[in-house]
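Taking it in order: structure first as structure tokens, then the write-up.
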Protein chains: 4
Amino acid sequence: MESRQRILDATVEIAGERGYDGTSIAAVSAKCGLPASSIYWHFKDKDDLIAAVIERSFETWLTAVELPAQETGTPLERVLTMAANVARSLVDAPDFLRLGLMLALERRPTEPRGRTVFLQVRDISRQKITEVITALFPALDEAAVDTLATYAIAGADGLFIQREVIGDTVDLVALFELHARLVHDAAFRMAAVAPPRG
Amino acid sequence: MESRQRILDATVEIAGERGYDGTSIAAVSAKCGLPASSIYWHFKDKDDLIAAVIERSFETWLTAVELPAQETGTPLERVLTMAANVARSLVDAPDFLRLGLMLALERRPTEPRGRTVFLQVRDISRQKITEVITALFPALDEAAVDTLATYAIAGADGLFIQREVIGDTVDLVALFELHARLVHDAAFRMAAVAPPRG
Amino acid sequence: MESRQRILDATVEIAGERGYDGTSIAAVSAKCGLPASSIYWHFKDKDDLIAAVIERSFETWLTAVELPAQETGTPLERVLTMAANVARSLVDAPDFLRLGLMLALERRPTEPRGRTVFLQVRDISRQKITEVITALFPALDEAAVDTLATYAIAGADGLFIQREVIGDTVDLVALFELHARLVHDAAFRMAAVAPPRG
Amino acid sequence: MESRQRILDATVEIAGERGYDGTSIAAVSAKCGLPASSIYWHFKDKDDLIAAVIERSFETWLTAVELPAQETGTPLERVLTMAANVARSLVDAPDFLRLGLMLALERRPTEPRGRTVFLQVRDISRQKITEVITALFPALDEAAVDTLATYAIAGADGLFIQREVIGDTVDLVALFELHARLVHDAAFRMAAVAPPRG
DNA sequence: TATGAATGAGACTTCATTCAT
DNA sequence: AATGAATGAAGTCTCATTCAT
């Protein structure tokens, strides 16, 4: 029970730093102090281990982000609060998204299950974003919501990468707020132009 | 001379799909038809090879992007044209950015030279963007230009990733134009608020 | 446990015949019947393996030489007995000294640990010789004892090499006795000339 | 012409430090500045190169030792002068003997030609020593001369090794003189005991 | 007289994984 | 519930050598 967590802790750290191929069972074993064979007692194979890491980190990240989900205020206020929450969660636990993006960028013949899992949980996030946009701007048609959701996620990914690359100088919270504001404005304008649904 | 190119061609393809660790010399050898030992005649080691790939792909990408650099029209028109150019270049030759982002996301104890090179050439691009923003919106102060440049690059990275992940359904050119429009509007508003420089 | 010994047995034989660079892991693997990767379970790397070989062979050799250490008789008798013992031990198990001398003669930028270990155990032997000379000829000053110890070891090394090079025609026991006799005479004369210590 | 010498210079240095297997053509190429293929223009193969090195260093060493070969004085004086000469030559150019001994100690299935050459030139030296002993002590029978020659060479090898291992602290000239004195005394005593020849 | 380019074999080492205990 | 030992495949890289020019 406790060993399983130690293994996952070690793996999230290594895989978050070096990606799928860069994560060797021997390295995980060294970092968590358990022999390699013990890792195979808890996980079917490396693929299973990485997938488990993705699952667990996503759950951790989800609770960190969702807890203070706010339901009142103007659309802009609510969007800004959400953006700040996401930004802070990414600063605190960047391993999830870093590893996920590395997996997502790869294109290998037999796709690691961890990649599939990441794309699935990412889709859940996208679903949430779509719902929020639809709720805040009911006038938007489906295509517009889709475009905005894509753009919203893209900005989040991109800003996260900027921080990973450039370092702490990047004020992630401020940039996420700028991003939220721009998405909000775009949605506002699109909604004004669009004919009401129905 | 010709062999060197064949090796680079093979490597760009494999590394663009599987990242640093996923790129085995044996795979490169198989793809380019030269024995592994010949690769070591042309490149000091794997690190050197990957770095050379980054260098060459960046140059290719640069010429693809820069050739149609336009100098007339309103700021919005010019920004839109640039965005469309970049979008098209990324659709045509995604290997450069895909590999670069994978390298950039990694955090290994001894940094691959390819990563350093990628970050350097990326800085050149950022410089260019900064210059364009300054030229189009002279009223902006340095901090604002910096923020906008960071946001512009972040959007580009993020949208690229969205396309890589979701697939061709994503209309990269359209999204880049939306991105350009939003950055332009933000710059416009910031410049209006800001006191004129000097 | 048992595998470790099989690996060491194979290595001592090969390394004793071909030196550090001439000892390939593949050859050791072939000789001991275990796959190469198993060797790396028992030893960190080739350097570690060679060092372990030196350590074990020295201990084997030490017990072979020391058991019949005699404590009575005239100085000459005692010295002759010791010399004969050493000679016989070198005839029986020449691998230790052969490998050790090969390592000792090398001068590579990063010194193999096996070399360090050999020089250390060699120093232990020198210590023993020094003690014996001091015990048998208390009148000798430190410098004289040092010179005699150096000469005694040099003769042993040199005679061993002669046998290795020329072959069994060389009567190692007889030559070691001649050597012992000459060292004894030299010590005797030096002690007679030297003013008594203290 | 000049290239050949540069190659030999580089090889003697590397081979004198790392032995046969430790001497790679690439390393020699790097040290002498000529491409590997040029080495093969001057020498048939690696074996040929090493053998050439042995031959050349022996000749260099021979002239260094022989030039001041003295023909007058008492036996002891002459022996002492010779010993000092040899000692000095070994201090000045240790590569020859160091490489030679490394080759001599190895026992590989297909003997390097360099080893054969070394043993041959070593035999020439032994011949010289035999002649000198016979000349100085005509009363000795063949077996005694042989024993003394073996012992003389063994001492030289062993003392050389001591210096290589321990370092410059070892006064090679003084130790060679001690060695010469002991060999001389042994010869003197053996000759006194032995019935005159013929 | 020399060398740039190539090459198959083999070097050391790590890989993911299994299995008996 | 866990692990010491093993293993075949594959990893990066160096080896001695060749050959066309």
Side-chain angles (χ1 to χ4, degrees), chain A residues 1-4 6-7 20-30 33-50, chain B residues 1-4 6-7 20-30 33-50, chain C residues 1-4 6-7 20-30 32-50, chain D residues 1-4 7 20-30 33-50:
Chain A
M1 283 283 153
E2 205 233 324
S3 295
R4 196 172 202 274
R6 272 166 64 198
I7 296 169
Y20 190 95
D21 284 303
T23 302
S24 77
I25 299 294
V28 172
S29 156
L34 295 166
S37 46
S38 294
I39 297 175
Y40 280 86
W41 192 87
H42 288 283
F43 302 93
K44 190 171 98 37
D45 54 17
K46 179 173 161 176
D47 219 48
D48 191 35
L49 172 61
I50 300 279
Chain B
M1 284 280 155
E2 205 235 322
S3 295
R4 198 174 199 272
R6 269 165 65 198
I7 295 170
Y20 191 97
D21 283 304
T23 303
S24 80
I25 299 294
V28 173
S29 158
L34 292 166
S37 48
S38 292
I39 297 176
Y40 283 89
W41 196 89
H42 291 281
F43 302 93
K44 195 174 89 48
D45 53 18
K46 183 173 160 175
D47 215 51
D48 192 34
L49 172 60
I50 301 279
Chain C
M1 284 286 154
E2 203 235 323
S3 296
R4 197 172 200 274
R6 269 166 65 198
I7 296 169
Y20 190 97
D21 283 304
T23 302
S24 80
I25 299 294
V28 173
S29 157
C32 73
L34 292 166
S37 48
S38 292
I39 297 175
Y40 282 88
W41 197 89
H42 291 280
F43 303 93
K44 194 174 91 48
D45 54 18
K46 184 174 160 175
D47 215 51
D48 191 34
L49 172 60
I50 301 280
Chain D
M1 284 287 152
E2 203 232 325
S3 296
R4 195 172 202 274
I7 295 169
Y20 189 95
D21 284 305
T23 302
S24 78
I25 300 294
V28 172
S29 157
L34 294 167
S37 47
S38 294
I39 297 175
Y40 280 86
W41 192 87
H42 289 282
F43 303 92
K44 191 171 99 34
D45 55 17
K46 182 173 160 177
D47 220 48
D48 192 33
L49 172 60
I50 301 278

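A, B, ... follow the sequence lines: proteins, then strands. Residue 1 opens every chain. Since we're looking at a predicted model, the values are computed, not measured.
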Would you name the heavy atoms of [X] and [Y] that are closest together and state the gap between them?
X: C:Arg6; Y: C:Cys32; value: NH2-O, 2.8 Å
X: A:Phe43; Y: A:Asp48; value: CA-OD2, 3.7 Å
X: C:Ile7; Y: C:Ser38; value: CD1-O, 4.4 Å
X: A:Ser3; Y: A:Leu34; value: CB-CD1, 3.7 Å
X: C:Ala36; Y: C:Ile25; value: CB-CG2, 4.0 Å

For DNA chain E, the expected dot-bracket line (Watson-Crick or G-U under 3.5 Å, [ ] crossing, | inter-strand) is .||||||||||||||||||||

Check the side chains of C:Asp47 and C:Tyr20 for a donor-acceptor pair under 3.5 angstrom, ignoring hydrogens and angles. yes

Specify the separation, in whole Å, of atom [atom1] of [X] and atom [atom2] of [N].
X: C:Ile7; N: F:dT7; atom1: CD1; atom2: C1'; answer: 13 Å
X: C:Leu49; N: E:dA11; atom1: CG; atom2: P; answer: 15 Å
X: A:Ile39; N: F:dG4; atom1: CD1; atom2: P; answer: 13 Å
X: B:Trp41; N: F:dC13; atom1: CH2; atom2: C1'; answer: 17 Å

In this structure, CD1 of B:Ile50 is separated from OG1 of B:Thr23 (nearest 0.5 Å) by 4.5 Å

Between the OH atom in C:Tyr40 and the NZ atom in C:Lys46, the distance rounded to the nearest 0.5 Å is 8.0 Å

Could you pull out the protein-nucleic contacts involving nucleotides 16-18 of chain E (nitrogen or oxygen on both sides, under 3.5 Å)?
from: E:dA16; atom 1: OP1; to: A:Thr23; atom 2: O; distance (Å): 3.2
from: E:dA16; atom 1: OP1; to: A:Lys46; atom 2: NZ; distance (Å): 2.8
from: E:dA16; atom 1: OP2; to: A:Ile25; atom 2: N; distance (Å): 2.8
from: E:dT17; atom 1: OP2; to: A:Tyr40; atom 2: OH; distance (Å): 2.7
from: E:dT17; atom 1: OP2; to: A:Lys46; atom 2: N; distance (Å): 3.0
from: E:dT17; atom 1: O5'; to: A:Tyr40; atom 2: OH; distance (Å): 3.4

Item checked: Any D:His42 side-chain nitrogen or oxygen under 4.0 Å from OP1 or OP2 of E:dA2 -> yes

side-chain N/O B:Ser3 vs E:dA5 OP1/OP2, d < 4.0 Å = no

Nearest-nucleotide check on DNA chain F, B:Ala27 vs D:Gly22; residue mapping nearer the 5' end is B:Ala27

